[in-house]
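Written below as structure tokens is the structure these notes are about.
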Amino acid sequence: MKNGLEDVIAAETQLSDVDGEAGRLIIRGVSLDHLVAGGTYEGGAALLLDGLMERSFNEAELRGWLAKARTKAFVHIEAADAALLALPPVDAMRALIARLPDGDDFDTALALLAAPAVLLPAVLRLQCDQKPIAPDAALSQAADILRMLTGKLPSKEQVAALDTYLVTISDHGLNASTFASRVIASTQAGLTSSVLAALSALKGPLHGGAPGPVLDMLDAVGTAENAGRWLGGALDRGERLMGFGHRIYRVRDPRADALKGALKPLITSGQVDSARSALAQAVEAAALAILKARKPDRPLDVNVEFYTALLLEALGFPREAFTGVFAIGRTVGWLAHAREQALDGRLIRPRSVYVGPLPAAA
Ligand code: CMC
């Protein structure tokens with residue numbers, strides 16, 4: 001048995017491949033750097049779902065259907081009462097998604113792709129006593145998310161940055177949430193159940209819950225000069241540095257550079273303050289040096305969450321919403337894996353080794 005199922009192969013997939021030694025991510029035969037070069041959320045989603053649903057479609061068709069599905073999803077915000085709005089945004093969003101009917105068909109998948117994109121901005125606005133903004137079917141999913149969040153039409157650099165983020169994190173091998181999605185799909189419970197299980201796995205700080213704490217870390221470090229001292233203190237206290245280390249990658253996570261690249265046009269066009277990114281780069285350099293010195297036997301490098309934090313902050317998302325934005329992008333991966341598993345048809349049911357006491361002899 002391998003603790004944490006490390007290196008255990010638990011599925012065959014045509015969806016994505018993570019090469020942790022080479023630092024390479026392939027999604028359906030396309031490398032990440034190609035996918036993010038001008039790629040849109042809808043293009044990435046069409047690629048992932050191609051051939052897995054009962055009908056085939058292209059990027060433009062998906063964009064139109066998604067726009068309609070967002071309008072339909074908006075009605076569910078009416079169920080957001082005071083108790084629901086007192087929850088963290090990702091939990092409030094999960095409770096609202098749980099209202100969607102279960103099913104295995106394309107309409108269920110569309111509803112699940114649209115719902116997080118509409119419900120997260122609406123929840124965030126209600127939590128600040130602002131009126132939720134209805135979707136605009138003329139916009140792309142990325143542009144509409146930003147408009148529903150801020151009430152303003154986003155710039156083309158902002159839309160491109162969010163598209164890059166959503167494509168970059170759309171799928172990533174058999175991570176914990178994707179595995180959860182496949183386990184549920186194997187029982188034939190339905191796509192809504194798969195997505196809810198995956199979302200529950202995602203929110204932990206060892207998976208998709210790290211980018212908020214990355215910003216907390218940057219705030220606590222404060223200045224580039226303080227980085228080494230602060231990070232050393234955190235390691236002395238036995239803490240992990242958020243945004244560093246990965247179960248699979250032994251080199252730099254390629255998604256980190258895709259997101260760093262997406263941030264650049266926002267900085268050069270003066271839409272975000274370059275001081276934050278300068279601090280982040282100083283913290284990154286100090287963290288890599290100190291991790292190398294303290295953990296010489298374990299290569300620990302920057303992971304996707306470090307630059308996720310900077311990018312989502314630059315786009316105006318509050319840090320408590322970062323895991324929810326991750327879910328907006330990853331839902332298509334969860335759905336594709338759930339469909340792939342359902343088409344395989346085999347129930348996932350591993351065994352455990354019993355190490356407890358035996359009954360007393362009679
Ligand atoms: N800071 C300090 N030490 C670390 C870190 C870190 N971020 N990550 C791993 N280590 C150390 C760990 O303490 C252990 O040392 P030792 O052997 O002396 O006890 C060694 O490295 C191996 O750690 P591990 O727990 O066996 O590694 P893992 O493969 O189970 O952990 C991880 C992967 C992502 C949970 C971990 O690196 C971590 O906790 N990182 C911080 C949280 C974070 O950034 N999470 C986002 C992950 S990326 C999103 C995704 O793809 O899901």
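Computed over heavy atoms, backbone and side chain alike; hydrogens, waters and symmetry mates excluded. For ligands, and for the atoms within them, numbers begin at 1 and follow the listed sequence. This is a predicted model, so every value here is computed, not measured.
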Open item on the list: Check Arg28 with Asp171, please: is the shortest side-chain N to carboxylate O separation under 4.0 Å?
Closed with: no
Open item on the list: Below the 3.5 angstrom mark, is there an N/O of His207, backbone or side chain, next to an N/O of ligand 1?
Closed with: yes
Open item on the list: Among all the protein's non-hydrogen atoms, which is closest to atom 1 (N) of ligand 1, and how far away is it?
Closed with: Leu241 N, 2.9 Å
TODO: Please report which non-hydrogen protein atom sits nearest to atom 36 (C) of ligand 1, along with the residue it belongs to and the distance in Å to one decimal place.
DONE: Arg240 NH1, 3.3 Å
TODO: Over 60° means perpendicular and under 30° means parallel, so classify the ring planes of Phe244 and Phe306, tilted if in between.
DONE: tilted
Open item on the list: Please report whether ligand 1 has a polar contact with Arg298, defined as an N or O pair separated by less than 3.5 Å (distance criterion only).
Closed with: yes
Which pairs would a plain distance check flag for residues 348-362, meaning a side-chain donor or acceptor within less than 3.5 Å of a matching protein atom at least two apart in sequence or in another chain?
from: Tyr354; atom 1: OH; to: Pro357; atom 2: O; distance (Å): 2.4

Task: Selected option - heavy-atom contact closest to atom 45 (N) of ligand 1, from Gly173, Gly209, Pro205 - done: Pro205
Open item on the list: Would Leu291 count as being in polar contact with ligand 1, using the rule that some N or O on each side must be under 3.5 angstrom apart?
Closed with: no
Task: atom 34 (C) of ligand 1: the protein heavy-atom neighbour that sits closest, reported with distance to 0.1 Å - done: Gly245 O, 3.8 Å
- [ ] Look at atom 33 (C) of ligand 1 and say which protein heavy atom is nearest, naming residue and atom and giving the distance to 0.1 Å.
- [x] Arg247 N, 3.7 Å
Open item on the list: Could you identify the single nearest non-hydrogen protein atom to atom 42 (C) of ligand 1 and state the distance to 0.1 Å?
Closed with: Met242 SD, 3.6 Å
- [ ] Give a yes-or-no answer on whether the side chains of Arg94 and Ser200 include a donor-acceptor pair shorter than 3.5 Å.
- [x] yes
Task: Sub-4.0 Å heavy-atom approach of Arg255 to ligand 1 - done: yes
Open item on the list: With the threshold set at under 4.0 angstrom, would you say Ile248 reaches ligand 1 through any of its heavy atoms?
Closed with: no
Open item on the list: For the 3.5 Å polar cut-off, considering only N or O atoms, please tell me whether Gly208 and ligand 1 meet it.
Closed with: no
Task: Nearest neighbour in protein (non-hydrogen) for atom 19 (O) of ligand 1 - done: Lys295 NZ, 4.4 Å
Open item on the list: Is Gly243 close enough to touch ligand 1? Criterion: a residue heavy atom under 4.0 Å from a ligand atom.
Closed with: yes
TODO: Measure from atom 30 (O) of ligand 1 to the protein's non-hydrogen atoms and state whether any distance is below 4.0 Å.
DONE: yes
Task: Flag for Trp334-Ser194: side-chain donor and acceptor within less than 3.5 Å - done: no
- [ ] Assess the side chains of Thr13 and Glu340: does a donor N or O sit below 3.5 Å from an acceptor N or O?
- [x] yes
TODO: May I ask you to identify the nearest protein heavy atom to atom 41 (C) of ligand 1, giving residue, atom name and distance to one decimal place in Å?
DONE: Phe244 O, 3.4 Å
TODO: Identify the protein heavy atom lying closest to atom 10 (N) of ligand 1, giving its residue, its atom name and the separation to 0.1 Å.
DONE: Leu300 CD1, 3.7 Å
Open item on the list: Taking the ring of Phe322 and the ring of Phe317, is the distance between their centroids below 6.0 Å?
Closed with: no
